[in-house]
Structure formats: C-alpha cells, structure tokens
> 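Dropping the structure in here first, questions after.
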Protein chains: 2
Amino acid sequence: MRQPATTARAATSSAPGSVGDVRKANLARVLSVIAAAGEDQRLSRADIAQLSQLTKASVSSLVTDLLAAGLVIEIGVHRDGERGRPSVGLILNPARCVMGMEINVDYIAAGLVDLSGKLLAHEVLPRANHSSTASEVLAALGELNQRLQAAAQAQGLMILGGGLAVPGLVNEEHFIVLQAPNLGWVQQELDVAALLPEPKTRFRLFNEANASALAQQQLMDAQENDFLFVSGEVGIGGGLIIDAELFVGPQGHAGELGHVVIAPDGKTCSCGGRGCLETIAGQEAILAAAGLGDGTETASRQERISRLYQALKAGDEPAINAVAEAGKSLGIAVASALRLYNVSTVVFGGHFAALEQWMRPAMEASLQMHAPSIAGQTRLLCSPLGQTGALVGAARSVVGDLLEAPYQLVD
Amino acid sequence: MRQPATTARAATSSAPGSVGDVRKANLARVLSVIAAAGEDQRLSRADIAQLSQLTKASVSSLVTDLLAAGLVIEIGVHRDGERGRPSVGLILNPARCVMGMEINVDYIAAGLVDLSGKLLAHEVLPRANHSSTASEVLAALGELNQRLQAAAQAQGLMILGGGLAVPGLVNEEHFIVLQAPNLGWVQQELDVAALLPEPKTRFRLFNEANASALAQQQLMDAQENDFLFVSGEVGIGGGLIIDAELFVGPQGHAGELGHVVIAPDGKTCSCGGRGCLETIAGQEAILAAAGLGDGTETASRQERISRLYQALKAGDEPAINAVAEAGKSLGIAVASALRLYNVSTVVFGGHFAALEQWMRPAMEASLQMHAPSIAGQTRLLCSPLGQTGALVGAARSVVGDLLEAPYQLVD
DNA sequence: CCCATATAGTTCAGAACATAAACTAAATGG
DNA sequence: CCATTTAGTTTATGTTCTGAACTATATGGG
C-alpha cells in the first residue's frame, strides 16, 4: 500500500535500478509538465510529448495510467480555426485535494488545497491556544477538520493527504512537535489518524515558517527558485528554499533566524541564549520597547498589537523607535544569513510585512552597512500571505510529494 | 502550438527517461558499492549483487563495462579453506587518478589523487603569491603541474581530470575567480587547458574552504554526512557538507562565515561591512590585537605568526587575550551558523586548529552562552588536514563526479 | 580417486518499457 | 469531396533487468 511519510523520499533516491523505475520517473515527468502548464492550458498528449521530450506513444501510455489513478482528467477541446484532429485537453484532476492545517498561537486553521495548489475552501478560527492544553487544541483542530472533510465530501472532493504547520521545532518523521515555546508545548506527539480520513493517507508535519516559505514559492516567478522567507510572528522563523526545494538541514531545524546572535551582550532570550534577534525584533520585544507592556498584564497580545499600530500611525516616538530598532537588528541578521545561504531574495512575512513602512528603512540601512557588497544585489520583498499561508504551504508540499511519486497511486 | 510557458523547471529536471538511463544509474550504483568497500575488501561480483540489490547477471554485465572503461580492475583471489568456486576480486583501478591543485596566499600545491581518494604524490611550494601577478602565479602552478604529470606518466598513471582550490569566490561554471582579496585577484579567468593534459578532461574550480570541507569528509565517520568546516586562514571561510554533499548555495558562495556580523558597531571589514568575524578572528586581526603589527611593516606574515605562537607559549597576555577574543567571536558566529544550518558537527581547520588550546575555552564558553540549547549537542573538532587538504578535496570531488557518471567513460 | 556440496559467475528465455514509423481518427478548406 | 493537417494509437524493434538454469571451480568425505 501507500508508503508512510519518510520512506517515499529514500525510496525514490536509491531504489534498485530496474526497467520499471523508468516508468515511475516518466509518470512523474508527465505529471510535472501538466502541473507546470496550469489548468488553463489544457495540454494535449502531443504537447506533453514535446515538452517532456518523450514520444507520443509513451505519453499516451503514461497518460492512460494517470487517468486511471485519477490524478488527471480529460477535457474535450475544440481547436478554433485550425486544421487537424482536435486535441483532448488534460488537466490535474480538480476533484482531488489535500487538507492543510495550521496551529498558531492565536488561531487554528484548516483548508482544502487542490492539486494545482489552489485553496478551495478554508476556515480560520481565532483561539487562545497558549492558554489551553495541547490535547484541547488538537481536539478543536479535529473538529475544524471534520467540517472541512464534510465540505469536501459534499463537493465530491477526495482527500489524498494532509499537512500541518505549527510554530515550533518538529520531528517530521515521527510526527512529534519537539518544542513550541509560544504554544507552551513540549514533546507533543500527534495522533495523525484523528486528523485525516484514512490513516494510510500521506501526512506531513511542518514548522510554520517553512510551510509559509513553501506557500510563498507559489507566488514567486517561475525562475526564482531560491529565497529566504522570514516569518515575523510571536517568534521569528525562517524558511529557506534552495533549488525549488525546502532546506531544513540534517535534523530539520535549519533556518532559525530568530536565534541568530545580534547583540552579543544583549538580553537573555527564551531559548536561553543571549542577544538573539528575537530579543529585539520579536513581537513581545517590540511591544515592550514601544512601552506597551511586557506580556504580564491583562491586555491580550492582539489588543496590544493594534495599539502599536495606532501609536505608529500617530507618530508616537517610542513605537517608531522600537520598530526601527527591530528593523536594524533584522538587517544584521539578514546580512549574516545572506553570507551563509547566498540567496539573492529575502521575503518578509507575518508582522514584518505589516510593519514594512516603519521597518524597511532601518533594515535596509543596516543591511547596507553590514553587507554592502551584497545589499545591492539582494531583493527584499514583503509577502502578501495572510493567515492561510502556512496551511496552504503545508498542503502544497504534500501535493508536490504526490505528484512526484504518482506510481504510488497507479496500478 | 501551445506556449512553452513554465517549462523551465521540467526541462532542467533530467534527461528523457529511456531504458538506457537505467544502465547509467546502475553503472554508478555498482561503482559506488565498489568504492564504498575500499580496496582491501576486493568484492566479488556476487558480493556486489548482494550489496547493490541487483542480480548477479546484471552485475556481471555492468562490471564488464566498467572493466572496459578502465575504472575497475580484477584481482585474483584464493578463498582460503572455504568451499565453492573462488571469487574474482574487484577494486577501483589504482592506475587512474585526478590532479588536485591549490593556490593559497603563501604557497602553491599540486598532487595526484587516485579513485579511492588516496594522495599518491604531491608537492607544496612556498611562494608569496600576493606579491606577484595572477599570470605569474598560474605559470608557476603550471610548472608544478608539469612535474606531477611527468611523475604520473612514469608511474603509469592516467590522469582523468583536475580540481583547483583558491582562497576566494569562484564562478565554477566558467572557471573564473571572481575575487580573492588576499591574493589581490579580481575577476581572473583561468586557462584550464594549461593546467590539464587533455582539454576534454573534467576540471572543477573550488573555494579553498569548500575544498577542505570535502577533504575533511573523507576523514569523518561514514555516518557523519553533515558538518560545517571552518577554515581559519588569512581570511575565514566555511564549507558546509549536507547529506554528504557540498552545499554552495544558489550562486556558489554560501558558507562565508568570515563575514557573519559579530559586533554590529565593530570595525570596518575588507568586504566593506562592519563587525564581521574576520575583523576580530582573521589572522591579521589577531596579530594586530596581539601587538604584532598591522600588516604594513616589513616582517612577513609567517614570521609574525611564529612570533604569535612564541608569545602564546610564553604566556604573553596580549597574545593570549587576542586569541581568546577571537575564540569568543568565533563562538558567536558558530552559534548563529548552527541556528541557520542545523548541523551537529563543526570542524575547525587551518590556524584555528593550531590555536586550539588557546582558543577553544573561550569559543566553547561563548557558544554555551549564546546557544545553550544546542551547544551540548554539538561536536566541535579540530581538523588534522595540513597544506594538502584543499588539493585533496578538490581532486576527490572530481573523482566523485567521475564515479557518479561512469557511463561517460564507457565504450 | 571420486563424488556430493557449495559458491562464483555466465547464459538464456521472458517481461517491461521506450522508440520510431506506420497507421487511424477527426478536423479544415478549397 | 478530397487534399491537408494535426492528434492519437498500433506495431515491430531494441535495450535492459530478472530469474532460472547452467557451467566453472573450489573443498571435503568415503
């Protein structure tokens, strides 16, 4: 049957080299051509043959399998005004989808993402997750999930897998959230079966910043296969896309930009370190520097954040200085990250995107000061992703896995 | 016809999937099994079949091709005391090799590395390369190279390719040294033909730290496929091995640890930035802090370095403090790099290895302070690689390419 | 000395797959 | 109505791996 999450990758890389493997590769190849074209193009078998460098005969045979697996469907096409036999359009099956989910500090969310990466339906539920237990949060997510499963059934959508994003470090292989300090979670194992209709369906677990980076990838130009996504939420996370793939490092926790050291003699961080970026540019740090409390008072963070924006718009000096200081530190961290990763594009998401107008000048000046030779060659963008970014990214990545290993669904 | 549109990604993925590709993959597979076993094991075809998951029939056929290509040779074996037909041992052809070369600030070097990664012959020539032109340096390297080519011929060694390491940023694709400030080079194109016997032979160009990391890889445990190599030479470089592969980033310049920002308000760096690690832990910075000149005096750097060691051994305070301060900064840079790369092993090479006893305590303390949650899980090693490290690594990488694409040499 | 046993390696028939070329299908346009 | 054009399928062919049968060459016991 279907492979559990992690074996799939290993299997494709080092499977014994039999003739059958060629077909596996070619199924994926054809599918990737169809996916790259998008649903408006309605490629014919002949088009695919050209684009994939395979012969028409091979493509015909491969497409037959993909149709049988339900990954692709035919759409009749009239070619207007041109001679010759009309082609049959092929697109990714719009009735297949993947469940994307996110648990964040102040909300939970779920949504259905089709094979083209489009968000078909979603629901975001504000929820103070740090003030309830992990199992309560997971139960709430399970309910949300059930509603979306019902919606999928009502629309005739088949759910092929799921992805979950959480704001913390994860062990993808064993579906464990190792630590999510802003949720108050430590070593929380997930009951995947409760989150998906069939337990054998493919499931993956992501760090929030990584998932958002995957969602951002969809918004980038097709050639832009390398960038760093910086997620400014309660904590600060990073997601690195290298060669169109997510880079997570040996243990899966690469990209922790929030704990890059900015001020060696600075404040102590929640990670136990000192002078981390998060101690200056994290949400609580900015709020505190702006004179909006230290997190121990009664006002909710969301309230205090909206006060921050009011203060900024009113030209309040402490608020403006707090954000500028954060921008300066962010620029330093980005300078170091660019030296180590050598990407030429950085995308800022979450609150960093919202704070752009107050943050960017200080950030750019700081980057210019600390890495002048690369500052001019680096594109600094702000992401339009909202609260659905992470769930879309998580789902999209699972879709990518399915499209890369279609033979798992063929037979 | 339809528009090509977003086919770029699909096209770059790989060659068309024909049945013949299976053979290419399997040739590499068999070769990698033989290489992994080492020359002492003398694997039989039957052994290879087991290890590679291929059938005896396939292995026999594949080995025939590899023998014809000269990549592998047979060595007769008597199985002592066991029943059954004796096996024929197979090892990588010891008469094939690759030329490794290095241009560094104070020397040039070249050597012959066989397919198992062993250094067969080498020569290191001290030379003040910063005080002569690039073409003079290359001419000197050419001469050195000629001598080793003659030595190869005398020993019946066939040279299959070459690799060159330089202390600077390179464009691997076009064989251009983009900048090597410590050599005084800017945008220096290389005449590859002058450095290799046959122009069609495979040639690769590396950054010195990257090449050293590749050499270090050979010394690590077989399971240790991820580590950061930190090269403390005149400049400070980094080489990252992820999943047993060199990570160089989108433009090939990842790992520039020397320009990670350590002291936001620190000194101006040669890169134009401010507070880079190199401004505190680079050779000249350490020498200056130790009161051994600022690089403008007549004494050569090597002289001043040996004075530094004398001072350290004599317990001279300024020298000891200078090195400790460098260690402290190095610890901060490593803390940030560990957050971003998520490797669990760091190997220090070059002068950092030599300075270990004075540098390590401060470095460890600093790492503990700035990244306590990962400091304990991280192995910090010193590399035994000497002046031949970079050339061996460069050559070994070319060997790896050849072994991964043996079909290029078949028939 | 001969034969059972064990292991290495080769040969051969069969299956899976891609390919190229021939062929069928279905449209347009004069 | 037929030439032309393009889409898609069928068929013969070659490459490769596989599994089973077969050959080659050793050891060891009667």
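Reminder, nothing fancy here: chain letters follow the sequence lines and each chain counts from 1.
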> Using a heavy-atom cut-off of under 4.0 Å over every strand shown, decide if A/Ala46 touches base, sugar-phosphate, or nothing.
sugar-phosphate
> Show every side chain to side chain donor-acceptor pair (under 3.5 Å) that has at least one partner inside residues 112-121 of chain B, sequence neighbours left out.
B/Glu39-B/Lys118, B/Asp114-B/Ser116
> Rounding to an integer number of Å, can you tell me how far B/Leu62 CG sits from C/dG9 P?
14 Å
> Over 60° means perpendicular and under 30° means parallel, so classify the ring planes of A/Phe203 and A/Phe175, tilted if in between.
perpendicular
> Report yes if at least one side-chain N or O of B/Ser44 is closer than 4.0 Å to OP1 or OP2 of C/dT7; otherwise report no.
no
> For A/Asn26 and C/dA18, is the shortest distance between a side-chain N/O and OP1 or OP2 below 4.0 Å?
yes
> Between B/Arg23 and D/dT15, is there a contact of a side-chain N or O with OP1 or OP2 at under 4.0 Å?
no
> Please tabulate, one pair per line, each protein N/O and nucleotide N/O from nucleotides 27-30 of chain D that are separated by under 3.5 Å, including the distance.
| residue | atom | partner | partner atom | Å |
| --- | --- | --- | --- | --- |
| D/dT27 | O2 | B/Arg83 | NH1 | 3.4 |

> Check whether any side-chain N or O of A/Ser58 sits under 4.0 Å from OP1 or OP2 of C/dC17, and answer yes or no.
no
> Reckon A/Thr55 has a side-chain N or O less than 4.0 Å from the OP1 or OP2 of C/dT19?
yes
> Can you check the B/Leu90 CG to C/dA8 P distance for me, whole Å?
13 Å
> Taking only residues two or more places apart in sequence or in another chain, which ones pass side chain to side chain contact (heavy atoms under 4.5 Å, CB included) with B/Ala213?
B/Phe229, B/Ile241
> Rounded to the Å, how far apart are A/Arg42 CZ and D/dT6 C1'?
19 Å
> CG of B/Leu90 to CD1 of B/Ile48: how many Å apart, nearest 0.5 Å?
5.0 Å
> For D/dC17, take OP1 and OP2 only and decide whether either is under 4.0 Å from a side-chain N or O of A/Ser18.
no
> Residues two or more places apart in sequence or in another chain: which of them pass side chain to side chain contact (heavy atoms under 4.5 Å, CB included) with A/Ile73?
A/Ile75, A/Ile91, A/Asn93, A/Pro94
> Is there a donor and acceptor pair, one atom on the side chain of A/Arg85 and one on the base of D/dA7, closer than 3.5 Å?
yes
> A/Arg96: which residues meet the salt bridge (charged side-chain N to carboxylate O under 4.0 Å, His left out) condition with it, sequence neighbours left out?
none
> Residues two or more places apart in sequence or in another chain: which of them pass salt bridge (charged side-chain N to carboxylate O under 4.0 Å, His left out) with A/Glu74?
A/Arg45
